[in-house]
Amino acid sequence: MFKGIKLLMAATLAGATLGCSSNPDYHSASDLIKPTAQSGDVPKRVSLDQGWDEETKDKFWFTSQGARILPYTWFIWLEQPGSEDLFRNSDHMEMLRYLPIETSERNPAGLPIGFVAAHDDDTNQAWMGMTCAACHTNQLDYKGTKLLIDGAPTLANFVLFYDRLVAALSETNQDQEKFDRFAKNVLGDKYNEENSDSLRQSLESVAIAAAERQQVNSLPESYPQDFTSYARLDAFGNIQNAGTAFALHDLSNRNTPDGPVSYPFLWGSHQSDVVQWNASAPNTPVVGPLARNVGEVIGVFGNLSMEPAPWWKKLFGLKVSYSANVDINGLGHLESYVKVLRSPQWPEQYLPAIDATKAAAGAQLFAAECAQCHQVVPRQDEGKKYVSNKTPVHVLGTDPVTAWNADRRCAKTLILEGTKKAILAGEKFGAESAAISIPVNGAVGLILDHPVESLEAGLRPVRTHSSEKSSEMEAASSNSQKSLEELVSDHVKERRKIASSSPSTEATSCGDPDSELVYKGRPLNGIWATAPYLHNGSVPNLWEMLQSGDKRVTSFWVGNREFDPVKVGYLYDSGLNEFKVLNSSGEIQPGNSNRGHEFGTTWTDEQKWAVIEYMKTL
């Protein structure tokens, strides 16, 4: 089935062009959309030099990864719940902490950064979905200046966004006047009773599916309603449920997404040996970044489905057929942009100048206490590969919920039972397995089902910026005679190696509370622009990070964009939601602990301020 893959890879490494990849137009879906006036004002922002020109930024913001939430025209004209104002209105999207941006060729309706048009080949229709930029772009305000930071963790509240979206769909379906306005705008000159009735049937179907997703990813009533809130999301939980509940078509086969994390910053992610907060995904050459990105799309409306394989696939011993809306080519382009993204430098033209003497003193303290986990990478070396530190959770003392959920949650395997977990080789699924292994299996299946596109997408970042790619190209060249199956097998072996070296994944049975779990420590370049801190966003600024766990603030406001250049974080005496470490009984809320990571907490205040000053320079 994959005959010729070795030859294709060899040709690609020699500089040949594969398939449709020479210069594909991944924003072509926008050509299906009639340009629409901006809804609301867009603030003027200042961008920092992070290695991207304006064209690259625009591509990253609006290149589709295949995710589909609603038909694009529906989203353009959908009204907010309880209001006639449009859902996409700038004030509304800013309240949700997404970033309104002007209309453009790639953004014909003036949607926020990361809200993109995806093309449906079967219906020749444009759908609205999210791409990486929606969750990994942020705005930081200081005394009237709005700094746009590419690759920074968003402050957005995805759960509130989706709750309001479900409510808007439901109200539009049930309120005749609201629906009539919606239908006339969506259908335009094709509006008539028959088409209106057909649109309503489609709307009802989409509204029901959206409500099902909302329910599957809901929290128990014992949790605070705003538990997830601004600046964090349980991405692992959503990805797991996308595989176990939706792809396997059993909505009861779910786990509660109760381990929300801060969105990680993107610069340096392509260069790291592993990704994810729990260091569970290897960045193996060619396949690693692609598998990581396919898995991400599965969790954000990639609509993965696993079905009984057709007869001709069964001839090859394949029991399951995989389908999804993943745009593999688009993912290759997005990864190539991330590869050359650099951390933001502290902008002294907009923020207070760094005290060089104090920073020099802080550098010595950082080298002695912090650098063993957070290695210092000189700015000129940010494009080079590095090995991240993996620290056991019990050593860090930080909240374990995310790490435990990511590795230990179980789910029924249903149609996958008896098939190989890595599809090509390895042990077989039993009746139950680690929940994360199911979407991982789906990602591998999708890659193998699209060999030419997958190989090209995986190689695209390798070929990006020849001056920085020597080690990557050498690694890829050494694999030039390997088939896609072998490259995938190498990736799977690396995942197993992670599990065996620190049994934090499926090396042990899911649900084992005694096995070791880890969190990843990475270089802190640009850390000043990534508050709140710790993996779960439980610490508002760097000053609080250097206090002992029992002295850190246990409640603070999130969602405020105004920057505090002294403590380094956002102002937290006001905002859009109050983050609470403690529950109503005065005990630490699981998932919200701000304890642990006690490194540097015994320094004097003078030493702490020096280290903070130094971290501004990273």
| query | Under the side chain to side chain donor-acceptor pair (under 3.5 Å) criterion, do Asn107 and Ser104 qualify, and how do the steps go? | reply | CA-CA 5 Å; Asn107 185 28; Ser104 65; 4.9 Å; no
| query | Out of Phe182, Phe75, Tyr98, Trp77, which residue meets the ring-ring contact (aromatic ring centres under 6.0 Å, His included) rule with Phe87? | reply | Phe75
| query | Under 4.0 Å between a Lys/Arg side-chain N and an Asp/Glu carboxylate O for Arg106 and Glu55? | reply | yes
| task | Report the residues that fulfil side-chain contact (heavy atoms from CB on, under 4.5 Å) with Asn560, sequence neighbours left out, ordered by chain and then residue number. | result | Glu562, Leu571, Ser574
| task | Scan Phe62, Phe301, Phe161 and name whichever one has a ring-ring contact (aromatic ring centres under 6.0 Å, His included) with Phe115. | result | Phe161
| task | Mark yes when over 12 heavy atoms from residues, nucleotides or ligands other than Glu193 sit less than 6.0 Å from its CD; otherwise mark no. | result | no
| Matching residue for Tyr570 among Leu140, Val558, Asp141 - test: side chain to side chain contact (heavy atoms under 4.5 Å, CB included) | Leu140
| said: Are more than 12 heavy atoms, taken from residues, nucleotides or ligands other than Asp49, located less than 6.0 Å from that residue's CG atom? | reply: no
| Reported CG-to-OG1 distance for the pair Asp180 and Thr172, which is rounded to 0.5 angstrom | 11.0 Å
| Contact list for residues 257-272, test salt bridge (charged side-chain N to carboxylate O under 4.0 Å, His left out), sequence neighbours left out | Asp258-Arg409
| Validation row: Pro71, Gln125 side chains within 4.5 angstrom (heavy atoms) | yes
| task | Supply the atom-to-atom distance Thr244 OG1 to Asn253 CG, rounded to the nearest 0.5 angstrom. | result | 4.5 Å
| Ring centroid separation for Trp557 and Phe579, is it under 6.0 angstrom? | no
Side-chain donor-acceptor contacts of residues 291-299 below 3.5 Å, not counting sequence neighbours, with atom names and distances?
unit_1	atom_1	unit_2	atom_2	d
Arg292	NH1	Glu335	OE1	2.9
Arg292	NH2	Asn283	OD1	3.0
Arg292	NH2	Glu335	OE2	3.2
Asn293	ND2	Pro289	O	3.1
Asn293	ND2	Glu335	OE1	2.9
Glu296	OE2	Gln65	NE2	3.1

| query | Is Lys44 paired with Glu102 through a side-chain N to carboxylate O contact shorter than 4.0 Å? | reply | no
